[in-house]
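Encoded as structure tokens, the structure appears first; notes follow it.
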Amino acid sequence: MHLTVSLTGSGHHPAAWRVSPLPAHPNAATLQAMACTAERGGLDAVLLGLPAEMPADCLARANTMILDPLPLLGSLIAVTNRIGLGAAWTVDYTEPYHVARVFATLDHLSYGRTAWIASMFGTASLVPRIGRPAGPEDPPAYCARAGEFIDVAKQLWDSWEDEAFALDKPSGMFVDPERVYPIQHVGAFFSVRGPLNVPRPPQGNPVLVLHDPSTAAARPFVASTADVVLMDCASLPDAVARYRDLRALAGRDTDVLRILANMVIVLDESELVAQQRAATLDAMIPPLPGSTARFVGTPDQLVTTLLVWHEQHACDGFNFLPAVMPHDLDQLVDAVFPRLQRHGLRPAAYPGATLREHLGLPRPRSQFATRAPMGLAS
């Protein structure tokens with residue numbers, strides 16, 4: 001059972017900032033401490049840049065001061081050693097070369113612990129803020145552009161073979177030009193010559209995370225492209241159906257895809273206290289009615305729920321959204337994870353050094369490694 005946690009300032013309930021002891025303003029030290037807590041618990045990864053949804057009329061009252069996930073990820077590299085680190089970056093208003101370069105750099109700095117959460121849908125609100133024209137709203141057209149974007153980023157990561165960074169002091173060869181490839185990509189949306197000016201990432205490709213879209217037209221693309229899919233589902237039957245659908249749409253080896261169910265959690269020592277906490281939060285600012293699973297109860301009850309979902313093949317694991325920080329994260333790490341380990345659902349230690357190893361995903365080989373060398377000057 002793979003487990004990740006989405007970190008945000010005070011918590012994922014829109015009223016969390018009103019009850020959390022943490023500062024509501026952006027605070028790097030607080031988020032670093034939460035990442036260290038998650039690592040102590042042995043989670044596979046922390047994910048950044050996934051704020052909870054909330055009604056528009058609540059934005060002025062809720063915790064909306066979200067730090068940019070990319071520099072925040074960089075700060076978490078310095079205080080963690082094993083846990084994976086994922087950050088959201090939209091494909092709408094940037095370029096594949098920039099994304100490939102930044103995540104290759106972060107993957108090197110973290111020794112192979114990064115994930116790119118490719119934000120694809122729901123970014124229309126950025127248009128008036130950044131002064132750029134809106135992209136295509138038609139899902140097939142949008143997926144065509146996003147697919148080419150992701151493909152170009154992967155080609156750029158692969159434009160260096162693993163052995164290209166020669167550093168051969170006796171011969172004076174710093175980089176082997178026969179193992180670095182201009183990608184010469186010309187497509188419908190992008191023309192990129194390459195190669196990248198950063199060596200191939202330790203993971204080959206950083207882990208690619210995509211959201212399970214609400215539109216059926218986009219689901220085949222997500223299922224066939226992502227390494228990890230974050231799935232929203234309101235109930236166990238819904239999760240079972242969506243999980244089977246995504247697996248069927250993937251059209252590839254199941255060993256290269258992980259599907260995690262998003263779950264908001266409100267945890268306490270007794271069910272009554274947990275329900276009272278949830279009711280108090282909802283009375284302050286009701287969350288949006290939606291399809292994300294929500295659990296309110298005790299650690300033992302959560303473990304039972306996770307076991308049932310696991311036995312029913314509803315997902316490959318969970319991405320937890322703690323309602324209030326640090327309380328619900330602490331409960332998760334200190335009370336839930338030890339119980340899961342006793343059930344044999346979580347390892348006692350990380351299974352490897354990289355995020356791909358945590359998730360049991362293979363390291364992809366460079367797609368250019370078997371081609372005739374083109375050389376740096378080509």
- Using a cut-off of 6.0 Å, state whether more than 12 heavy atoms not belonging to Gln276 lie near its atom CD. yes

Value rounded to 0.5 Å, distance of [atom1] in [X] from [atom2] in [Y]:
X      : Y      : atom1 : atom2 : answer
Met34  : Leu7   : CE    : CG    : 5.5 Å
Asp328 : His12  : CG    : NE2   : 10.5 Å
Arg101 : Phe103 : CZ    : CZ    : 14.0 Å
Gln184 : Gln155 : CD    : CD    : 10.5 Å
His2   : His358 : NE2   : NE2   : 11.0 Å
Leu47  : Thr4   : CG    : OG1   : 4.5 Å

Can you give me the closest heavy-atom contact between [X] and [Y], atom names plus distance?
X      : Y      : answer
Ala115 : Leu355 : CB-CD2, 3.7 Å
Ala88  : Ser119 : CB-OG, 3.6 Å
Thr94  : Thr90  : CG2-O, 3.1 Å
Ala118 : Val91  : CB-CG1, 4.2 Å
Gly147 : Phe221 : CA-CE1, 3.4 Å
Pro14  : Pro287 : CG-CA, 4.0 Å

Using a 4.5 Å cut-off on heavy atoms from C-beta on, say whether the side chain of [Y] contacts that of [X].
X      : Y      : value
Arg179 : Arg200 : no
Pro23  : Thr30  : yes
Phe368 : Pro195 : no
Val99  : Pro96  : no
Asp268 : Gln275 : no

Is a donor on one side and an acceptor on the other found under 3.5 Å between the side chain of [X] and the backbone of [Y]?
X      : Y      : answer
Glu148 : Phe189 : yes
Asn27  : Ala29  : yes
Arg242 : Met231 : no
Arg145 : Ala141 : no
Arg277 : Val296 : no
His108 : Pro199 : yes
Arg113 : Ser110 : yes
Arg363 : Pro202 : yes
Gln203 : Arg356 : yes
Trp89  : Trp116 : no

[X], [Y]: one ILVMFWY side-chain cluster at the under-4.5 Å cut-off?
X      : Y      : answer
Leu249 : Leu230 : no
Leu109 : Leu156 : yes
Val273 : Leu332 : no
Val266 : Val19  : no
Val256 : Val229 : no

- Query: When you look at His211 and Asp232, which way does the side chain to side chain donor-acceptor pair (under 3.5 Å) test go after all the steps?
  - Reply: CA-CA 8 Å; His211 296 270; Asp232 280 321; 5.8 Å; no

- Query: Is Arg258 salt-bridged to Asp227, cutoff N-O under 4.0 Å?
  - Reply: no

- Would you call Asp316-Arg247 a salt bridge at under 4.0 Å N-O? yes

- Message: Apply side-chain contact (heavy atoms from CB on, under 4.5 Å) to residues Asp300 and Thr304 and explain how you reach the verdict.
- Response: CA-CA 6 Å; Asp300 278 327; Thr304 299; 5.6 Å; no

Side chains of residues 38-46: which donor-acceptor partners sit under 3.5 Å, not counting sequence neighbours?
unit_1, atom_1, unit_2, atom_2, d
Glu39, OE1, Asn81, N, 3.3
Glu39, OE2, Asn81, N, 2.8
Glu39, OE2, Arg82, N, 2.4
Glu39, OE2, Ile83, N, 2.9
Arg40, NH1, Asp334, OD1, 2.7
Asp44, OD1, Arg346, NH2, 3.4
Asp44, OD2, Leu3, N, 2.9
Asp44, OD2, Arg346, NH1, 3.1

- Relative to each other, are the rings of Phe190 and Phe149 parallel, tilted or perpendicular (30° and 60° limits)? perpendicular

- Task: Show the numbers, then the answer: is there a side chain to side chain donor-acceptor pair (under 3.5 Å) between Tyr243 and Asp212?
- Result: CA-CA 10 Å; Tyr243 180 76; Asp212 181 19; over 6 Å; no

- Could you go step by step and tell me if Phe318 and Ile265 meet the side-chain contact (heavy atoms from CB on, under 4.5 Å) rule? CA-CA 11 Å; Phe318 298 86; Ile265 53 172; over 6 Å; no

- Query: Who pairs with Tyr111 by ring-ring contact (aromatic ring centres under 6.0 Å, His included), at least two apart in sequence or on another chain?
  - Reply: none

- Query: Do you see a donor-acceptor pair shorter than 3.5 Å between the side chains of Asn205 and Asp158?
  - Reply: yes

- Working for side-chain contact (heavy atoms from CB on, under 4.5 Å), residues Asp151 and His185: CA-CA 10 Å; Asp151 178 61; His185 176 89; 4.3 Å; yes

- Where do Val336 and Val303 land on the side-chain contact (heavy atoms from CB on, under 4.5 Å) test, with the steps shown first? CA-CA 6 Å; Val336 175; Val303 169; 3.9 Å; yes

